[in-house]
Every structure is written in C-alpha cells, then in structure tokens.
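Below is one structure, written out as structure tokens, with a few remarks after it.
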Amino acid sequence: MRDLTVYNSLSKSKETFIPIHKGLVGMYVCGPTVYSDVHLGNIRTFMSFDVIFRYLKFLGYKVRYVRNITDVGHLVGDEDEGEDKIAKRAKVEGLEPMEVVQKYTNGFHDMMRIFNILSPSIEPRATGHIIDQIEMVQQILDHGFAYVANGSVYFDTLKFAKEKGTYGKLSGRIIEDLLQETRDLKNQGEKRNAADFAIWMKADDRHLMKWNSPWSVGFPGWHLECSAMSTKYLGAHFDIHGGGNDLKFPHHENEIAQNEASCGCAPANYWLHTNMLLMNGRKMSKSDGNTITAEELFSGHSRHVEKPYSPMVVRFFMLQAHYRSTLDLSNEALLAAEKGYKKLMEANAFLQKIKTEDSEKNAAIETKIIQLIDETFDELSDDFNTPKALARLFELVPIINSYKDKKEGFGNISAPTIELLQDCFDKVLFEIMGLRDENARSDPGSEGALDGVMQFIIELRQEARANKDWGTADKIRDVLQAQNIVIKDGKEGTTWNLK
RNA sequence: GGUCGGGUGGCCGAGCGGUUAGGCAGAGGUCUGCAAAACCUUGUACGGCAGUUCGAAUCUGCUCCCGACCUCCA
C-alpha cells in the first residue's frame with residue numbers, strides 16, 4: 001500500500017496516515033442540519049470527503065464512514081434561548097418537525113446523488129439517538145465536568161480546561177480569552193462561565209421537539225449528537241474526523257471536550273477540515289444570502305452565472321482546487337472548468353476505445369507515461385491533492401490525442417502500457433474522483449438506434465461532400481448542431497457526439 | 001479587538017528554497033472544401049519594502065490589502 005499523508009488540523013501539519021487497526025479506517029464527518037436546502041458550500045465539503053472516502057477505499061482500506069444528519073438541537077441565534085432551527089422551519093412551513101426533517105433530508109440525498117457523492121456506511125440521525133445522548137450527558141455529569149441548572153445541563157468548560165489542559169487545542173483558542181469575551185449574551189444567567197455550553201436543554205411548553213430525561217423534558221445540545229453517534233458507531237477512539245472549517249470552533253472543540261469528559265480519551269487521531277467555497281471573494285453562506293443554489297447553477301438562472309452548468313462540471317471545478325484552500329466561484333472559472341472537463345472526458349473516451357496491439361515501442365514515451373501515472377497517485381496520496389493529480393492527467397492528454405492522429409514519434413506504445421493508462425484514467429476519473437462522463441451515451445437502448453441513424457446521416461453527408469455539395473454538407477452539420485449534436489471530420493472519418 | 005489563513009501571469013488554480021505545475025482565454029502554425037476537434041510552438045507571474053542564502057514566489061522582519069473564526073453556518 002502506498003503511504004498516505006494527511007494534513008491534521010490538530011497538529012497543523014502533514015502526517016503519515018496510520019490507522020488504529022491495520023487495514024481499517026473509521027471516519028466521521030459532520031453532516032448537514034436539515035432545516036433548509038443544501039447549498040453549494042455543503043456540497044463542496046461532502047464532495048471533498050467523498051473523494052477522501054473513495055481514495056481510502058481505493059488504497060485497499062475497509063472504511064466505515066459515518067456521516068450524521070442533525071435534526072434537533074441546532075439553535076438559531078447566539079444564546080441558549082434561541083429557537084431550534086427545525087422547529088422554526090416547521091412553524092414557517094406549517095409542518096410537523098419530522099416532516100421538515102424528511103423533506104430536507106430527501107432533498108439532500110437527491111443532491112448527493114446528482115453530484116455522484118457516495119452514501120456513507122452509516123447515516124445516523126440525532127433524534128434517533130436521544131438515549132445515547134442522555135447517557136453521555138450522565139457520564140459527563142458523573143465525571144464532574146457538567147452541572148445542572150434549572151433543568152438544563154451545562155458543560156463546565158473552565159473546569160475541564162483546567163484539569164485536562166487540552167481545551168482549545170484544535171481551534172487555537174485560549175480559555176482565558178474566551179472567558180474574557182465581553183460580548184453581551186442575554187442568557188448567561190444559568191451558565192457559570194461564558195465559555196460553558198449546554199449539553200441538555202430544558203424545553204418550554206411550546207417547544208415541539210422534546211424528550212424526557214433525568215433533568216427535564218428537553219432536548220440535547222447541538223454538539224452532543226456528534227460525540228454520541230461517533231462513539232456509538234466508531235468507538236471512543238477512531239481514525240478520522242472531518243467537517244467544514246467553520247465547525248472547528250465551537251462545534252469540534254466542544255465535541256472533543258465532551259468525548260474526553262465522558263470517556264477520558266480524544267475521539268479522533270486525525271482531524272481534517274475543508275475550506276470554504278467563496279463567491280465574490282466572501283464565504284458562501286446560508287445565513288447572509290451570499291449564495292447560489294445548485295439548481296440555479298444547473299438552470300443558469302442566477303445573476304452570478306451566464307449559462308447553465310452541469311453537475312459534473314461543478315464537481316470537476318471543485319476538484320481543480322485543493323480541499324484545504326478556499327475556492328472562489330465565478331462564471332469565468334466555471335466556463336474554464338467546463339472546457340477542461342470536456343477535453344479530459346473526450347481524451348478518456350478515445351483512450352478507452354484504443355485496441356491494444358503489439359507494435360514497435362517508443363521507450364521515451366513509455367517511460368514518460370508510466371512516470372506521469374505514478375505521479376498522479378503520488379499526488380493523491382499527498383493529502384488528496386486532486387488539482388495536482390488532474391494536472392498530471394492533463395499532461396497525459398496530448399500523448400493520448402497524438403495517438404489519435406497517428407503522428408510520427410507517438411503511437412508506438414506497448415499494449416501493457418496502454419492498458420495501464422486506460423486503467424489509470426478509469427480509476428482516477430471515475431472511481432476516485434467520482435466524475436461521470438456526461439457526454440457518454442448513457443441509455444444503451446436508445447444508443448443503438450441513435451447511433452444507427454447517425455451513421456446513416458454521416459454517410460449521406462459524406463456523399464454530399466464527395467460531390468462537393470458543400471451546401472448540403474454544411475446544412476446537415478448546422479441542423480445537427482441545433483440539436484446539440486456535434487460533427488467532427490477527422491482523418492479517420494467523421495465522428496459525432498452530443499454536446 | 002483577539003486568533004488563524006491568504007495575496008501567484010488576462011481569469012481559475014497548484015507549488016512553499018534551485019525544476020515548464022495544470023486548466024481556460026490569447027498569439028502563430030499544421031491539418032481541413034469550410035468549420036470544429038486534434039496536434040505543434042509561444043507567455044516567465046508570484047502585493048510592497050528590507051533581510052537571510054551561492055540561490056526566495058517559497059525562510060525572517062516590517063508594511064499594505066483581503067478573508068475566515070471568535071455568534072447559527074460545510
């Protein structure tokens with residue numbers, strides 16, 4: 001197995017990835033809070049972890065990938081009296097909270113499918129794990145790192161920080177600074193310190209989602225569900241924990257604290273964080289409206305974009321940036337990605353059709369190809385560097401295309417090398433990067449029929465061309481073009497493909 | 001205000017001590033009835049100012065911008 005290097009947010013450096021159990025990887029990623037449609041920023045994060053999941057599997061690891069659905073406890077606003085996001089939405093839409101949850105969970109799953117993001121191994125919901133969460137609250141209380149106040153339970157951050165000395169390690173926060181926050185929080189009354197946070201909250205009568213507990217009828221705190229569910233399915237100590245950069249603090253920091261307080265050990269060895277998707281140079285965010293939806297991208301109906309872009313173009317666009325860098329979305333960048341994506345897919349489609357035959361081989365090119373293939377996997381193994389891996393693939397494209405033209409000096413590639421190349425493109429593009437060839441005629445039933453018709457039309461056009469009837473030849477091409485079918489007259493005959 | 005990250009050629013985006021990253025756009029050429037595609041050739045950029053070094057986009061200091069987190073967000 002190739003050595004894999006990952007950037008660990010905990011150490012702020014790249015480390016060699018060594019799983020706790022040989023050959024097995026446990027990975028937990030914070031999923032969405034299902035109170036509204038997913039937006040592109042979420043999608044980028046889940047797509048990044050999708051590639052990570054796919055690559056780990058490619059390397060031969062058996063991966064248990066847990067990605068939760070948060071459907072309770074996430075509050076609006078910055079103080080503990082804020083409304084639950086789901087409950088608020090339920091009121092607005094006149095639905096049962098669970099209907100809201102189902103609606104947006106369905107929407108989320110649809111979007112994951114559209115972007116070819118694989119389902120995780122387990123997708124647990126917070127509301128399905130209330131008992132586990134109550135047990136964890138109890139453990140934290142038993143260990144003295146929480147206190148009950150008026151039916152709610154708060155995590156005693158200061159005590160935890162003093163005794164364990166690890167609080168703030170992930171996010172670089174210093175407890176003293178947090179305590180000195182002068183921000184004017186309305187509901188500080190029950191908390192001993194500003195840095196404390198609720199792990200169980202007493203619900204008022206009007207609250208829609210609430211459960212019985214030893215402390216009150218209420219609901220779990222936002223950070224708790226991840227601690228409880230990761231522990232339940234991956235154990236107290238697992239390999240990778242991931243999420244968006246904006247979750248580092250307070251969410252992940254508090255998650256770590258909860259885990260340590262309940263079972264005495266840090267939950268994950270490696271913390272991976274994806275960076276933000278930007279638009280207009282600013283974070284794309286649900287709450288401030290600086291956003292574009294996936295549907296708007298697909299339809300082109302947005303002032304930020306001048307034409308529609310397909311899901312795979314968007315996926316490719318995101319793959320061209322490293323997951324730890326911010327990525328600025330713009331029409332121009334999308335346009336460039338679309339061209340590049342098509343070029344790569346066309347080269348691949350041609351490559352996969354090459355019949356291997358033994359012929360005189362060119363040692364220099366053989367070496368170059370093998371080296372580039374090797375480098376492609378090196379890049380992926382270096383903290384999942386998809387942009388660099390794609391760059392190597394793009395360097396292979398001219399070699400592939402020159403084979404098409406049967407130019408002097410190229411084309412003399414041995415069968416095993418061609419097979420290696422075919423395998424590399426297939427694995428990297430589809431299995432690892434999760435792309436799909438949108439140009440490929442996907443419906444096998446209609447393919448035969450359309451292909452037959454196209455062969456006939458191309459034949460007719462060839463006759464016209466042979467008779468130098470350029471008018472007819474061009475008309476056929478123009479009409480087909482209007483139907484989004486592109487005709488290309490190559491040296492080896494005419495080919496066609498759907499635009 | 002505190003903490004952290006970033007400023008790379010027309011655009012996107014890698015790299016982080018010595019190499020052409022790559023994509024898109026642009027220019028010239030080959031091919032072609034014309035086109036498209038493909039192929040070949042072409043661009044010497046790293047916010048600014050000092051410094052370290054044989055050598056810096058890459059390290060250090062200062063400085064100017066921008067962003068993220070600190071409050072719900074992937």
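Below, chain A is the first sequence line, B the second, and so on; all start at residue 1.
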Give [X] one of three labels, base, sugar-phosphate or nothing, depending on what nucleic acid heavy atoms sit under 4.0 Å from its own.
| X | result |
| --- | --- |
| A:H273 | nothing |
| A:R44 | nothing |
| A:L327 | sugar-phosphate |
| A:R461 | base |
| A:G41 | base |
| A:K488 | base |
| A:A391 | base |
| A:I487 | base |

Is there a Watson-Crick or G-U wobble partner for [N] with both distances under 3.5 Å, and if so, which one is it?
| N | answer |
| --- | --- |
| B:U3 | B:A68 |
| B:G43 | none |
| B:U19 | none |
| B:U32 | none |
| B:A50 | B:U60 |

Send over the distance from [X] [atom1] to [N] [atom2], rounded to a whole Å.
| X | N | atom1 | atom2 | answer |
| --- | --- | --- | --- | --- |
| A:N68 | B:A74 | CG | P | 10 Å |
| A:I175 | B:G2 | CD1 | C1' | 15 Å |
| A:K468 | B:G33 | NZ | P | 7 Å |
| A:M284 | B:A68 | CE | C1' | 15 Å |
| A:Y28 | B:A74 | OH | C1' | 13 Å |
| A:L334 | B:G23 | CG | P | 18 Å |
| A:R392 | B:U20 | CZ | C1' | 10 Å |
| A:E253 | B:U3 | CD | C1' | 12 Å |

Checking [X] side chain against [Y] main chain: does a donor-acceptor pair fall under 3.5 Å?
| X | Y | value |
| --- | --- | --- |
| A:T417 | A:E366 | no |
| A:T494 | A:D489 | no |
| A:R315 | A:M433 | yes |

Taking the [atom1] atom of each, how far is [N] from [M], in whole Å?
| N | M | atom1 | answer |
| --- | --- | --- | --- |
| B:U63 | B:C4 | P | 16 Å |
| B:A56 | B:G18 | C1' | 9 Å |
| B:A45 | B:G7 | C1' | 13 Å |
| B:G43 | B:A21 | C1' | 15 Å |
| B:A14 | B:G51 | C1' | 28 Å |
| B:U8 | B:U44 | C1' | 12 Å |
| B:A74 | B:C59 | P | 33 Å |
| B:G22 | B:C39 | P | 14 Å |

Report yes if some heavy atom in the side chain of [X] is under 4.5 Å from a heavy atom in the side chain of [Y]; otherwise report no.
| X | Y | result |
| --- | --- | --- |
| A:L429 | A:L393 | yes |
| A:P311 | A:F115 | yes |
| A:L335 | A:Y309 | yes |
| A:K475 | A:D469 | no |

Would A:D50 and A:R67 pass as an ion pair if we require N to O under 4.0 Å?
no
Salt bridge or not for A:K14 and A:D382, using N-O below 4.0 Å?
yes
Heavy-atom nearest nucleotide on RNA chain B for A:E395 versus A:T326: which residue maps closer to 5'?
A:T326
If you assign A:K12 and A:V397 each to the RNA chain B nucleotide with the nearest heavy atom, which residue ends up on the more 5' nucleotide?
A:K12
From [options], nucleotide with atom closest to [X] side chain:
| X | options | answer |
| --- | --- | --- |
| A:T274 | B:A14, B:C34, B:A74 | B:A74 |
| A:D489 | B:C24, B:A35, B:G13 | B:A35 |
| A:D177 | B:C69, B:G23, B:G2 | B:G2 |
| A:R282 | B:G33, B:A74, B:G67 | B:G67 |
| A:K339 | B:C24, B:G13, B:G67 | B:C24 |
| A:Q320 | B:G22, B:G33, B:C72 | B:G22 |
| A:P398 | B:C39, B:C34, B:A14 | B:C39 |

Would you say [N] has OP1 or OP2 under 4.0 Å from some side-chain N or O of [X]?
| X | N | result |
| --- | --- | --- |
| A:N245 | B:G67 | no |
| A:K343 | B:A37 | no |
| A:S325 | B:A14 | yes |
| A:N401 | B:C39 | yes |
| A:K388 | B:G15 | no |

Could one point to a donor on the side chain of [X] or the base of [N] with an acceptor on the other under 3.5 Å away?
| X | N | value |
| --- | --- | --- |
| A:R477 | B:A35 | yes |
| A:N331 | B:C11 | no |
| A:D474 | B:G33 | yes |
| A:R173 | B:C4 | no |

Has A:W470 got its ring stacked on the base of B:G33, with centres under 5.5 Å and planes less than 30° apart?
yes
Nearest-0.5 Å distance, NZ of residue A:K169 to CD1 of residue A:I256
8.0 Å
